[in-house]
K.L.:
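Right, I'll just put the structure down here and ask away after.
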Amino acid sequence: MSEDLGPATAAGLDASPQDDNGGLTRAGLIKLLGAGAAGAAGLSLVFADPALAASSKKSTATDLTILQYALTLEYLGAAFYESALQNAHLTGDAQEIATTFRNQERQHVAFVQKTIKSLKGTPHAAQTFDFGSSTGSKDAFLKTAETIEMLCVETLNGAAPLVTTPVLKGAAELVSVEARHVSWVRAVLGQNAAPNAFTPVLTAAGSQAAVKKLGFVHGGLS
Amino acid sequence: MNEPTIEQVDVDGAVREAAERASGDSRAGFFAKAAFGAGALVGGGVLLADPERAAASPATDDAILNFALTLEYLEHAFYAQAIAKQAPGKGAGTTFAATAHQHEGQHVKALKSALGSGAIKEPSFDFGDAFAETQIFNKTAIALEDLGVRAYKGQAPNITSPAILKVALSIHTVEANHSAWIRFIAGEDPTYTGAFELPLTKAQVLKQVNATGFITNMS
């Protein structure tokens, strides 16, 4: 692991480029990137996003806001896999996934906490989670795992341009591992494991709405 | 953690073995041209400079985009030839190759569009025996995808334009999707680096690409 601080999350950005982008200029590409993935919930236009407009003012305060949200997602992931290991009676590939991912998400939690502390912040405590029936069976577990991992990737990719360079570097070290999680789960489910040519991006608001919809955070997001 | 060498990435020597059979006789030329594209810069000293230390600027973004484009051309050609030679295994392997080929093609188009007339031309490739057996195809695909992930990861912090950064990050995670998928198919660990995956500098990436000899001519 590098010594470059940590991961990011939350906030900003938009949208996955669409399929046909032939013949574009750079300005065209920028527009394309703002065009959004058709039908994907929670996405918004890049350059219409005030969070991105504000990104020229990168700051420790912004870093910390984003890191605290990233910490929530990592807490959620680590707790989810632990719950699945305890409740879903997993075997084989699903059990290997749950064990591997739990251990890796725990390392991510520690990494984000350390990063927050390095910026003189105080990592918030883990929320209480209730995963309901999503960790009650193998099928529910795998489907929910895919949702959570995609949410993490899209959130981190959305947040990365908003944070300072050291935090961006840390986020990049995490996010490709989360992307690997997505594909591993999808492969076990027998699905196309690389669903997009360009990973969609979630805004902070889109990400928070998706977390809220999952309903796993007891008492909701603070 | 130390940066992996080609020997570590290419554990069974599949890439190097294929490379040895390829007529990769213009490696120095590739190294020079791929680094900065379209003959914009010459001189080994410049090539060996650590790109991470260079100040971010639009010129840097273009150099990064051409560097990425070179890797995408390579991957796209690799899958095109693999499919033509029916190298991927049946079932999941075929689906993987078709999907990755399509994605790399879209990445090429997006990068060329961003670069406009500054885009480097597609090089010539010789993949040697990489398609002789499904197992060799798998190992080579894994090596190329892993390299792609770490190349984008290394360049992202150098990018000036938020829009270009967004594209790079978006492609970065797709390369990770590809790697994990083909690793799963090949029975290898999809999260082979554990909880964290580290970047490579441009020089480190070029060294690995260069070692394959897959690129035979940069116009």
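Residue numbering restarts at 1 for every chain, and letters A, B, ... go by the order of the sequence lines. Please read these numbers as outputs of a predicted model, since none were measured by experiment.
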K.L.:
Do T99(B) and N192(A) have side-chain N/O donor and acceptor atoms under 3.5 Å apart?
P.N.:
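Checked: T99(B)/N192(A) side chains pair up, N/O donor to acceptor below 3.5 Å.
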
K.L.:
Hey, which of A180(B), A176(B), P190(B) has the most heavy atom pairs under 4.5 Å with chain A?
P.N.:
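Most heavy-atom pairs under 4.5 Å with chain A: P190(B).
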
K.L.:
Run the numbers on R183(B) and W184(A) for side chain to side chain contact (heavy atoms under 4.5 Å, CB included), then give the verdict.
P.N.:
CA-CA 9 Å; R183(B) 281 180 168 276; W184(A) 193 347; over 6 Å; no

K.L.:
Under 3.5 Å, is there a donor-acceptor pair between the side chain of S170(B) and the main chain of T199(A)?
P.N.:
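Answer holds: yes.
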
K.L.:
Please give me the minimum heavy-atom distance between N177(B) and A193(A), naming the atom from each residue.
P.N.:
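In terms of heavy atoms, the two residues are closest at CB-O, 4.0 Å.
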
K.L.:
Under the 3.5 angstrom rule, does the side chain of H172(B) hit a backbone N or O of S176(A) as a donor-acceptor pair?
P.N.:
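Between the backbone of S176(A) and the side chain of H172(B) there is no qualifying donor-acceptor contact (under 3.5 Å).
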
K.L.:
Decide side chain to side chain contact (heavy atoms under 4.5 Å, CB included) for W181(B) and R186(A); before the verdict, give the C-alpha distance in whole Å, the side-chain angles of both, and the deciding distance to 0.1 Å.
P.N.:
CA-CA 9 Å; W181(B) 190 3; R186(A) 291 181 66 95; over 6 Å; no

K.L.:
Whether R180(A) and D146(B) form a salt bridge (side-chain N of Lys/Arg under 4.0 Å from carboxylate O of Asp/Glu) is what I want to check.
P.N.:
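Looking at R180(A) together with D146(B), the answer is yes, because their closest N to O distance falls below 4.0 Å.
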
K.L.:
Counting only heavy atoms closer than 4.5 Å, note whether V174(B) contacts chain A via side chain, backbone, both or neither.
P.N.:
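For V174(B), heavy atoms of backbone and side chain both lie under 4.5 Å from chain A.
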
K.L.:
Write down the atom of K153(B), the atom of A172(A), and the distance for their closest heavy-atom approach.
P.N.:
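Looks like NZ-O, 2.7 Å.
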
K.L.:
Checking N103(A) against chain B: side chain, backbone, both or neither under 4.5 Å from a heavy atom?
P.N.:
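Contact with chain B involves no heavy atom of N103(A) at all.
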
K.L.:
Do F196(B) and H108(A) make the cut of ring centroids closer than 6.0 angstrom?
P.N.:
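Yes, they do, as the ring centres are separated by less than 6.0 Å.
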
K.L.:
Would you check if the side chain of H107(B) reaches a backbone N or O of A197(A) as a donor-acceptor pair within less than 3.5 Å?
P.N.:
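Yes, H107(B) side chain to A197(A) backbone: donor-acceptor pair under 3.5 Å.
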
K.L.:
How far apart are the closest heavy atoms of N196(A) and H103(B), and which atoms are they?
P.N.:
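Residues N196(A) and H103(B), closest heavy atoms: O-CE1, 3.3 Å.
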
K.L.:
Can you name the closest pair of heavy atoms from P199(B) and E173(A) and give their distance?
P.N.:
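Looking at all heavy atoms of both residues, the closest pair is CD-OE2, 4.3 Å.
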
K.L.:
Looking at Q86(B), I want to see if its CD is surrounded by more than 12 non-hydrogen atoms of other residues, nucleotides or ligands under 6.0 Å.
P.N.:
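No.
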
K.L.:
State, to 0.1 Å, how close A179(A) and T173(B) come at their nearest heavy-atom pair, and which atoms those are.
P.N.:
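The pair with the smallest heavy-atom distance is CB-O, 3.5 Å.
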
K.L.:
Where on L169(B) is there a heavy atom nearer than 4.5 Å to chain A: the side chain, the backbone, both, or neither?
P.N.:
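For L169(B), heavy atoms of backbone and side chain both lie under 4.5 Å from chain A.
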
K.L.:
With no hydrogens and no angle check, is any side-chain donor or acceptor of N157(A) less than 3.5 Å from a backbone partner on K166(B)?
P.N.:
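No, the answer is negative, given that no donor and acceptor are paired below the 3.5 Å cut-off.
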
K.L.:
About how many Å separate NE2 of H181(A) and OG1 of T191(B), when rounded to the nearest 0.5 Å?
P.N.:
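Nearest 0.5 Å value for the OG1-NE2 distance: 5.5 Å.
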
K.L.:
Are the side chains of F184(B) and D93(A) in touch, meaning some heavy atoms are under 4.5 Å apart?
P.N.:
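The answer is yes, as the side chains (C-beta and beyond) meet within the 4.5 Å cut-off.
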
K.L.:
Going from CD1 on I159(B) to OG1 on T165(A), what distance comes out if it is rounded to the nearest 0.5 angstrom?
P.N.:
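Here the interatomic distance stands at 11.0 Å.
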
K.L.:
Give, as side chain, backbone, both or neither, the part of V175(A) having an atom under 4.5 angstrom from any heavy atom of chain B.
P.N.:
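Both backbone and side chain of V175(A) come within 4.5 Å of chain B.
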
